[in-house]
Amino acid sequence: MTIVRGVVAGAVGYVLGAALIMAIRAASGAAAWEVESVTAGAWLFALTGWLLGVGVWRYWARPWFGRPADTYTTTGWRRYFDFDTDHKVIGVQYLITFLTMFFMAGLFAMLMRYELMGVGEDILNSDQYNSIMSLHGTMMVFVAVAATVGAFGNYVLPIMIGADDMAYPKLNALSFWLVPPVLVALTASFLLGGYDTGWTGYAPLSVKNDVGGLFFNLAFFSLGLSSIVGALNIIVTVITMRARGMTWFRLPIFVWSIFVTAILSLIFTQFVGLAMLLVILDRTAGTVFFDPASGGQPLLYQNVFWFYSHPAVYIMILPAFGITLEMVSHFSRKPLFAYRWAVGGLLGIMGMSSVVWAHHMFTSGMAEALRKPFLASTELISIPTGFIFLSALGTLWLGRIRYTVPMLFALGVLFNFLIGGLTGVFLADVPVDIQLQDTYFVVAHFHYVILGGGIFALFGAIYYWFPKMTGRMMNNRLGKVHFWWMMVGFNATFLPMFILGLQGMNRRIADYTPGLESANRAVSMGGFFLGTSFVIFLANFIWSWVKGPPAPDNPWGARTLEWQIPSPPPHENFEIPPIVLADPYGYGEPGSVHADLGGNGRSESLEEGVQA
Amino acid sequence: MTEIAAKAVERSPGVTAIVSLAVLTAVEFVVSSADISGSLAMLTVIALVKAAVILSAFMHLRNVLREEG
Amino acid sequence: MTTTETLPMEHTTSRLQINRIGLWLFFFSETMLFAGILVTRFTLLGTEVHEEVSQTIGLIITAILLASSYTAFRAEHAAHRGDREETTRYLSMTLGLGAVFVAGVAFEWAEAFSAFPPGTEFGTVFFTMTGIHAFHVITGLIFLALLWNNSRQGRYDADAWPVEAGVKYWHFVDVVWVFFYPALYLL
Amino acid sequence: MGNGDHSTTSQTKDRTHSDRQPGRLATVAFIWLLVTVLAEITVAAIEWQPFAASREATISDDAFNLLMVLATPVFTFVIVVGGYALLRDRHRGDDADGPPIRTSRAFIATWLVVTTVLSVVVIITPGFTGLDELRAEPEADLVIDVRAERWSWAYRYADSGVETQGNLMLPINRRVLFRISSTDVIHSFWIPAFRIKKDAVPGQITTTMVTPRKLGSFDNQEEMRVQCAELCGVGHARMFTGVTVVEQDEFDAWLAAAGG
């Protein structure tokens with residue numbers, strides 16, 4: 001019902017916006033109808049209409065006009081299709097939406113690998129290949145940017161810090177409901193013939209392509225809005241909603257990683273919004289930002305875009321670090337080694353992420369003098385990144401390691417990111433990068449970081465928190481099969497890609513020179529193997545959600561707060577606000593307690609002790 | 001303190017701020033039309049000062065760190 | 001959850017303070033957008049300003065926007081004092097000044113279309129900067145209009161936060177213009 | 001596994017673990033050395049790069065190979081230390097927790113020093129030294145204007161005014177300066193065998209230099225091609241032409257025949 005209202009209001013907004021733009025165009029003497037400017041203007045109104053229709057009006061905005069807000073009465077599964085403000089519902093909404101996007105983009109990847117099995121154009125022509133490749137890249141980037149933060153930053157983070165919800169529950173719902181329009185825009189772009197710029201959308205190509213490209217800009221813009229709103233909410237939540245006694249250095253490392261990610265997102269997402277806006281203006285309003293014939297500068301786009309998109313890589317990978325360290329500690333049953341150094345590593349990456357962007361542009365024709373500083377800053381960012389490995393290795397050492405499925409995924413992240421990180425050192429070196437820029441070496445490198453790191457961690461997190469979210473256990477054996485299948489498939493796909501890149505295969509091509517065929521065939525075989533591993537996951541995921549055995553409150557014996565309450569958690573999370581006494585990593589320390597949840601009556605001395 | 005006196009106390013920082021903003025804007029205008037060297041640096045400094053005036057006097061930036069106000 | 005009475009969550013931070021922190025973070029984020037636009041402007045144009053840009057209109061609309069910040073300031077203080085009448089009066093003054101500002105920009109656009117259309121280097125920057133700023137002014141005016149109407153009907157007598165938030169947003173738009181004005185007209 | 005429910009057994013275990021530490025460290029160090037040596041030998045034996053035909057290619061390949069030598073011990077360190085712990089320290093049935101080691105000043109200090117030194121070394125060499133080498137010898141013997149257009153390459157030999165499309169002819173051992181421009185969107189001028197790449201940006205002239213050191217052509221070496229490396233639309237994948245490097249006299253003859 002909610003969605004119907006949203007769609008209707010969105011459609012009304014679309015028509016109103018289109019009419020308004022056409023009226024303005026007619027008034028200024030231009031032809032009333034011009035597809036791109038009308039569409040772009042109408043999109044803004046459609047977005048507003050959709051949000052109002054989907055619940056902003058009923059539950060939020062009515063009091064602004066002196067009327068009482070509707071009371072929220074939806075129950076059961078329908079809540080997941082409504083403007084629900086419970087952070088747990090929103091977390092699940094995010095998870096399912098982005099998993100859907102992930103599998104769609106994965107199918108595109110399969111198509112691409114099928115096309116690349118042999119020389120020549122087999123099932124896709126270059127035009128179709130470019131569209132499929134661009135959509136695959138765009139959707140996967142969206143998943144990597146938003147899935148983990150949206151799903152687990154929402155579901156788990158408030159519980160971990162002892163809060164009953166996010167700081168702004170309605171804003172939280174708003175940030176989720178901005179996501180469906182992103183999917184709509186991407187679908188529209190696909191139906192209108194796609195776009196041929198890749199996810200980076202470099203101008204001036206992105207200014208010149210068909211109307212599908214406009215929808216890519218609009219989708220990215222909308223996702224940016226959602227990210228900024230969500231990040232703001234997370235930052236305020238962590239600053240203001242922590243339980244008593246939850247000091248900064250008692251926060252679970254996962255909370256730290258999401259917090260730092262949110263700060264990056266809040267600062268830098270504005271720049272991708274700006275990049276998209278400038279392209280949209282060039283397409284629709286006749287401005288000439290990227291048209292050199294009239295004084296524009298094509299490289300301007302790359303600078304603005306990468307000023308966001310390099311920090312965005314950290315937006316994708318920092319939550320993975322948090323999840324990995326969290327699991328390494330709980331499943332080694334040892335305190336997180338060098339906790340403060342790990343936090344320092346996260347903060348160090350955050351601090352340096354704004355001064356490395358031009359390493360994407362070493363061959364772009366930017367000023368030669370800038371190469372050395374950006375080479376140096378990029379190599380130096382490996383130092384704070386190393387702290388994550390320092391912490392992980394120190395924690396594993398002498399532990400009592402339990403090979404649960406989430407732990408396997410965490411170890412997978414460490415292995416894959418090690419390769420992804422080390423190859424990053426190669427790419428930061430200008431003489432090497434000149435050759436490898438825009439080749440499959442780069443493709444392999446960022447897949448090791450984003451898929452091998454970010455997405456492996458996402459799946460680890462799903463296995464880890466599934467019992468808490470659903471109250472049911474996932475099948476352990478199938479989980480292990482999935483992990484090994486995915487791990488082998490992943491490495492079989494992307495290790496040979498490094499070789500392909502070294503041999504001189506450039507990225508984003510449907511066809512290549514004959515000498516590259518055998519390696520490409522190997523990569524495709526690995527890719528199909530990797531693709532099938534997700535069938536096991538899906539089967540396990542769906543079956544377990546419906547019929548899995550009931551989960552105990554704390555199946556992993558972990559010490560963070562979310563495991564000390566029932567599975568699934570009650571609406572208000574905690575019966576009584578918890579009081580935090582120490583960090584959650586006190587394994588092996590006699591008498592160490594993370595938090596008092598107040599079940600049997602809290603003593604006066606505890607209340608006083610917290611003040612200290 | 002009477003209500004009128006209270007209003008005057010409340011009004012005075014606002015008046016100071018708006019007057020200084022007006023003066024600074026006038027200075028900006030003169031600096032740019034006088035075509036002197038270093039006007040870019042001066043305009044930057046003036047703009048920063050104006051922003052600081054609005055942030056502190058009008059927007060009460062300090063209150064974000066305080067509980068009441 | 002059966003026998004024990006549910007206690008509300010305790011927070012060390014008050015709702016007002018939570019709201020303020022969020023609002024300031026939003027401004028911080030928006031600052032990045034406007035900083036990016038300024039950098040774009042200097043990248044494309046260097047330190048030049050078009051000669052045909054109207055100094056008179058620029059100075060007038062700047063003065064109007066600054067003046068509206070003062071009336072907004074008075075409105076917020078009146079709201080915190082619980083003075084409904086004065087809040088409403090100053091909000092309506094702010095609304096009026098804001099509307100004059102938008103009218104000034106519109107008038108200037110009409111002139112600028114022939115002098116430096118969007119298809120030229122300076123026109124690109126000029127229309128983008130004034131346009132994005134005007135978009136923020138118009139959203140600000142919508143908020144102010146809602147505030148004015150609600151304040152008139154006494155809905156903010158108990159809680160002045162909405163007025164404070166709307167007015168702060170208005171000030172923020174003013175701060176942006178403090179940087180845009182010299183970048184577009186003076187230099 | 002209740003919170004903080006830990007008996008003395010785990011503490012005695014800690015002690016035995018700590019007692020074994022020196023032995024463990026020695027074992028791990030030994031394995032690491034062994035694995036690293038084997039890995040370095042393997043890395044050195046593999047030929048990573050394809051056909052290299054220019055002065056610049058040597059610089060790039062040397063940098064890559066040096067980075068391989070430096071990265072290998074780091075990779076093996078993480079794998080050996082992590083792998084050793086994963087095999088030796090796995091959970092063996094009892095419910096005890098691991099020893100509560102939260103920090104180790106020696107380990108962290110060593111880690112900090114080593115990673116910082118490694119980063120700085122990598123920045124200086126092959127980073128800065130390689131860049132300086134690339135930028136040395138700025139005098140060109142031959143200047144070629146390259147024009148990229150969707151989806152073809154056109155060349156103009158500046159001294160003789162000869163214009164060609166298709167195959168790019170170059171003399172061996174001469175310093176060549178390419179002045180690259182584009183008429184529509186961004187392309188990238190890439191010759192894999194030479195390890196040079198520079199974007200062709202509309203409204204801008206970018207430059208890159210190369211000294212071919214080996215004879216060859218696209219017919220016998222696939223890497224001898226000018227390939228567009230920046231996505232530029234439908235024809236991007238096929239936007240490549242061959243490169244032929246010949247002796248100077250042969251080049252002169254070709255240039256004369258082409259109208260120079």
Side-chain angles (χ1 to χ4, degrees), chain A residues 126-127 196 198 202 204-205 292 298-299 332-335 338 341 363-365 371-372 375-376 379-380 382-383 386 389-390 393 396-402 418 422 425-426 429-432 434-435 437-438 502-504 506 508-511 513 515 557 559 587-594, chain D residues 1 3-4 6 10 17 48-50 59-60 63-64 67 71 75 78 81-82 85-86 89-91 96-100 102-103 107-108 111 115-116 119 122-123 126-128 130-131 134 185-186 188 192 195-199 201-204 206 222-223 227 229-234 236-237:
Chain A
S126 274
D127 197 22
D196 56 359
Y202 273 15
L205 181 61
L299 286 190
S332 299
R333 302 211 68 81
K334 267 187 71 202
W341 285 98
T363 66
S364 71
R371 287 176 164 188
K372 277 190 183 177
L375 182 158
E379 300 288 20
L380 285 175
S382 62
I383 298 175
F389 280 91
L390 166 78
L393 287 180
L396 289 171
W397 190 252
L398 291 172
R400 297 282 192 283
I401 300 164
R402 284 149 207 264
L418 180 61
L422 284 175
V425 173
F426 287 68
D429 187 81
V430 180
V432 176
I434 288 175
Q435 169 71 356
Q437 172 76 9
D438 279 315
L502 285 166
Q503 286 178 352
N506 51 327
R508 296 170 165 173
I509 49 173
D511 191 13
T513 47
R559 298 172 61 119
Y587 293 105
E589 289 170 349
S592 166
V593 180
H594 175 40
Chain D
M1 296 310 310
N3 286 351
H6 305 294
S10 74
H17 267 298
W48 296 99
Q49 290 88 12
I59 300 169
S60 174
F64 184 92
L67 285 172
F75 182 75
V78 175
V81 175
L86 290 179
D89 301 332
R90 62 176 188 274
H91 166 68
D97 288 350
R102 282 179 175 270
T103 187
F107 182 46
I108 294 173
W111 182 284
T115 54
T116 310
S119 299
V122 165
I123 289 171
F128 285 5
L131 256 173
L134 281 182
V185 299
I186 297 179
S188 193
R195 318 284 192 266
I196 57 164
K197 182 182 292 143
K198 196 54 147 286
D199 286 6
V201 186
Q204 198 174 330
T206 53
E222 267 183 24
E223 293 80 19
Q227 168 89 54
E230 188 66 68
L231 183 57
C232 55
V234 172
H236 171 57

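Sequence lines set the chain letters: A, B, ... in the order given, protein chains first and strands last, and positions in each chain run from 1.
In this structure, the portions of D:W48 lying under 4.5 Å from any heavy atom of chain A include both its backbone and its side chain. Contacts between A:L393 and chain D at a heavy-atom distance below 4.5 Å involve the side chain alone, from C-beta outward. Residue A:W341 touches chain D through its side chain alone, counting heavy-atom pairs closer than 4.5 Å. For chain D, the nearby parts of A:A338 are the backbone and the side chain; heavy atoms of each come within less than 4.5 Å. Contact of A:Y202 with chain D is made through the side chain alone, with heavy-atom distances under 4.5 Å. Contact annotation for A:D429: only side-chain heavy atoms (C-beta onward) come within less than 4.5 Å of a heavy atom of chain D. Only the backbone of A:Q503 comes within less than 4.5 Å of a heavy atom of chain D; no side-chain atom from C-beta onward does. Heavy atoms closer than 4.5 Å to chain D are found in the side chain of A:L418, but not in its backbone. Looking at A:V425, the atoms closer than 4.5 Å to chain D (heavy atoms on both sides) sit in the backbone and in the side chain alike.
Side-chain N or O atoms of A:Q435 include none that pairs as donor or acceptor with a backbone N or O of D:S60 at under 3.5 Å.
Looking only at heavy-atom pairs under 4.5 Å with chain A, the residue among D:V201, D:I59, D:V78 that has the most is D:V78. Interface check for chain D: of the options A:L396, A:D196, A:I383, A:T513, the most heavy-atom pairs under 4.5 Å are formed by A:T513. When each of A:R371, A:Q437, A:K334, A:K372 is checked for heavy-atom pairs under 4.5 Å with chain D, A:K372 comes out on top. Taking chain A as the reference chain and counting heavy-atom pairs below 4.5 Å, the highest number among D:G130, D:G127, D:S188 is found for D:G127. Chain D forms the most heavy-atom pairs under 4.5 Å with one residue out of A:L299, A:D511, A:D127, and that residue is A:D511. Comparing D:H236, D:E222, D:E223, D:R90 by heavy-atom pairs within less than 4.5 Å of chain A, the highest count is held by D:E222. Note on D:I108, D:L134, D:I196: by heavy-atom pairs under 4.5 Å with chain A, the leading option is D:I108. Considering only heavy-atom pairs separated by less than 4.5 Å from chain A, the leading option among D:T116, D:L86, D:V81 is D:L86.
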Can you list the steps and then say if A:D438 with D:E230 is a side chain to side chain contact (heavy atoms under 4.5 Å, CB included)? CA-CA 7 Å; A:D438 279 315; D:E230 188 66 68; 3.2 Å; yes
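Taking each heavy atom of A:P335 and D:P99 in turn, the nearest pair found is CD-O, 3.9 Å. Of all heavy-atom pairs between D:P50 and A:L502, the closest is CD-O, 3.0 Å. Of all non-hydrogen atoms in D:R195 and A:I434, the two that sit nearest each other are O-CG2, 3.5 Å. Scanning both residues, D:D199 and A:S364, for their nearest heavy atoms gives OD2-CA, 3.4 Å. Contact between D:F107 and A:L390 at its shortest, heavy atoms only, is CE2-CD1, 3.6 Å. Between A:R400 and D:G98, the shortest heavy-atom distance links the atoms CG-N, 3.7 Å.
Between A:E589 and D:R102, the closest side-chain pair of non-hydrogen atoms falls below 4.5 Å. With contacts defined as side-chain heavy-atom distances shorter than 4.5 Å, the pair A:L205/D:I186 does not qualify. Using a 4.5 Å heavy-atom threshold, the side chains of A:P431 and D:P126 count as separate.
Checked against side chain to side chain donor-acceptor pair (under 3.5 Å), D:T206 has no partners two or more places apart in sequence or in another chain. Partners of A:F426 by ring pair (Phe, Tyr, Trp, His ring centres under 6.0 Å), not counting sequence neighbours, listed by chain and number: D:F64.
Distance check, rounded to the nearest 0.5 Å: OG1 of A:T363 to NZ of D:K197 gives 6.0 Å.
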